[in-house]
2 protein chains.
Amino acid sequence: MTTNHDGTLERLFEFATLLTDLLDRGLEQQGLSRPRAEVLWRIHHHGPTTQRQLADSLQCTPRNVTGLVDALDALGLVERQRHPSDRRAVLVALTPTGRRTVDNLLAAYRSRASELLDGISGPQLTSFLATLAQVADRLRPDSRPPPVDGSPRLAR
Amino acid sequence: MTTNHDGTLERLFEFATLLTDLLDRGLEQQGLSRPRAEVLWRIHHHGPTTQRQLADSLQCTPRNVTGLVDALDALGLVERQRHPSDRRAVLVALTPTGRRTVDNLLAAYRSRASELLDGISGPQLTSFLATLAQVADRLRPDSRPPPVDGSPRLAR
DNA sequence: TATTGTTATACTCTATAACTATA
DNA sequence: TATAGTTATAGAGTATAACAATA
């Protein structure tokens, strides 16, 4: 017997929209688009990264990474470095300005999270997150295992 | 005293990503992009709609609507009709094919919702949705009131 | 004068394909 | 021969600005 979940799915989608809008507003304050922010985010977690690795983790083409890195380079947030052992490859690293930008993003999100969650009791939050994890598990396509490095792909 | 919610916000963002990915996979099966699907969705709920109204509800420029309607028209999902009283305006309506496409989307989402939520007990789901609504209320910017017509903006 | 929707133009993100320098 | 990253080209979505037709 299948329960009628019609309105529920729409509420979930609206929730997702609100969350990604929150994310976007934070990025916008730093003058960043979502794809560009995601590149910074990856490098922040992995350290200097080849464009090939970026293409794999962002699930886009190498050509696309070229454009994103070009743009971030022009903004002074990122720089290309020589790969120590492979002269075909390029390492993309954060500049000091890039590091500061990521720090600003993190600080903004920490304060946002407080506003969002502080009024909710510990047990209520725990139960909420447990159900959320349960639903998330069913949402995860087999092709994409849960992130292991603490840097989930930012919402698209 | 502010609790440390660092990982929590990231889990919420990942959840949003998974949900919007689910949404996109459904749209992709109907050969639709998110902006185009949103136009269909709006017209499905409001009936024939002027491009001005579409621009307002999608929060984009009229120029943008022109492009989206052109594309949906070329796909045979939508047609432009004369406005009965304002000869400047255009009414955009679903074609029979467009209606069938929307019906397919709805059916697909109903079955997806079952897969996603059926194993969760009634009380657990109720409590989950209550907390979700509480967080959603704090997420909603003043500028965008909660949807009143059952057609929340699709996630971006 | 204000509004509706268009043309003109430009920018971002995305993709495929062909090419180069290296492995 | 395969891989890393580029150039070339194209298409979708978005924006602003100028304009035509209508209100």
Side-chain angles (χ1 to χ4, degrees), chain A residues 20-21 23-24 27-28 30-43 46 48-75 77-93 153-156, chain B residues 17 20-21 23-24 27-28 30-43 48-75 77-93 153-156:
Chain A
T20 53
D21 282 354
L23 182 62
D24 284 341
L27 300 181
E28 202 176 337
Q30 299 294 321
L32 289 172
S33 66
R34 201 125 28 113
R36 291 177 189 183
E38 196 157 352
V39 171
L40 294 187
W41 191 242
R42 291 286 160 183
I43 302 174
H46 292 86
T49 307
T50 66
Q51 296 192 186
R52 179 74 243 176
Q53 289 172 320
L54 287 172
D56 289 341
S57 66
L58 304 181
Q59 302 189 136
C60 68
T61 60
R63 176 61 186 93
N64 203 346
V65 173
T66 299
L68 294 171
V69 171
D70 283 351
L72 290 168
D73 186 7
L75 291 170
L77 302 178
V78 127
E79 64 177 7
R80 289 182 167 95
Q81 300 174 343
R82 291 199 317 278
H83 191 289
S85 62
D86 186 340
R87 291 201 308 188
R88 297 168 305 177
V90 168
L91 283 179
V92 187
R153 220 182 74 232
L154 299 180
R156 272 197 293 227
Chain B
T17 302
T20 53
D21 282 354
L23 182 61
D24 284 342
L27 300 181
E28 201 177 338
Q30 298 294 322
L32 289 172
S33 67
R34 212 150 348 138
R36 292 177 188 183
E38 195 156 354
V39 171
L40 295 186
W41 191 241
R42 290 285 161 184
I43 302 174
T49 306
T50 66
Q51 295 191 187
R52 178 74 242 176
Q53 289 173 321
L54 287 172
D56 289 341
S57 67
L58 304 181
Q59 302 187 137
C60 70
T61 61
R63 176 61 187 91
N64 203 345
V65 173
T66 298
L68 294 171
V69 171
D70 282 352
L72 289 168
D73 186 7
L75 291 170
L77 302 178
V78 125
E79 65 177 6
R80 288 182 167 97
Q81 301 174 343
R82 290 201 317 278
H83 191 289
S85 60
D86 186 340
R87 291 200 307 190
R88 297 169 305 179
V90 168
L91 283 179
V92 187
R153 222 184 71 232
L154 300 180
R156 275 197 290 228

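In the text below, chain A, chain B and the rest are named by the order of the sequence lines, each starting its count at 1.
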Touch class at under 4.0 angstrom, heavy-atom based, for Arg36(B) against every strand present: sugar-phosphate

Spacing between [X] atom [atom1] and [N] atom [atom2], to the nearest angstrom:
| X | N | atom1 | atom2 | result |
| --- | --- | --- | --- | --- |
| Asp73(A) | dG5(D) | CG | C1' | 15 Å |
| Asp24(A) | dC13(C) | CG | P | 12 Å |
| Glu38(A) | dT14(C) | CD | C1' | 14 Å |
| Arg82(A) | dA4(D) | CZ | C1' | 17 Å |
| Asp70(B) | dG5(C) | CG | C1' | 11 Å |
| Leu72(A) | dC11(C) | CG | P | 18 Å |
| Arg63(A) | dT12(C) | CZ | P | 13 Å |
| Leu68(A) | dG5(D) | CG | C1' | 14 Å |

Under 4.0 Å from OP1 or OP2 of [N]: is there any side-chain N or O of [X] that close?
| X | N | answer |
| --- | --- | --- |
| Arg88(A) | dC19(C) | no |
| Ser33(B) | dG13(D) | yes |
| Gln51(A) | dT6(D) | yes |
| Gln59(A) | dT14(C) | no |
| Arg80(B) | dT6(C) | yes |
| Asn64(A) | dT14(C) | yes |
| Thr61(A) | dT14(C) | no |

Between Cys60(A) and Arg87(A), the residue closer to the 5' end of DNA chain C by nearest nucleotide is Cys60(A)

Closest of dA23(C), dT4(C), dT22(D) to the Arg52(B) side chain is dT4(C)

Closest of dT22(D), dT22(C), dT14(D) to the Pro35(B) side chain is dT14(D)

Q. Under the 3.5 angstrom rule, does the side chain of Gln30(B) hit a backbone N or O of Leu27(B) as a donor-acceptor pair?
A. no

Problem - Short side-chain to backbone donor-acceptor contact, Thr20(B) and Thr17(B), under 3.5 Å - result: yes

- prompt: Going by atom types alone, do Arg80(B) and Gln51(B) pair a side-chain donor with an acceptor below 3.5 Å?
  reply: yes

Closest heavy-atom pair, Arg52(B) versus Pro62(B), reported as atoms and distance to 0.1 Å, is NH1-CG, 3.6 Å

For Cys60(B) and Val65(B) the tightest heavy-atom approach is SG-CG2, 3.8 Å

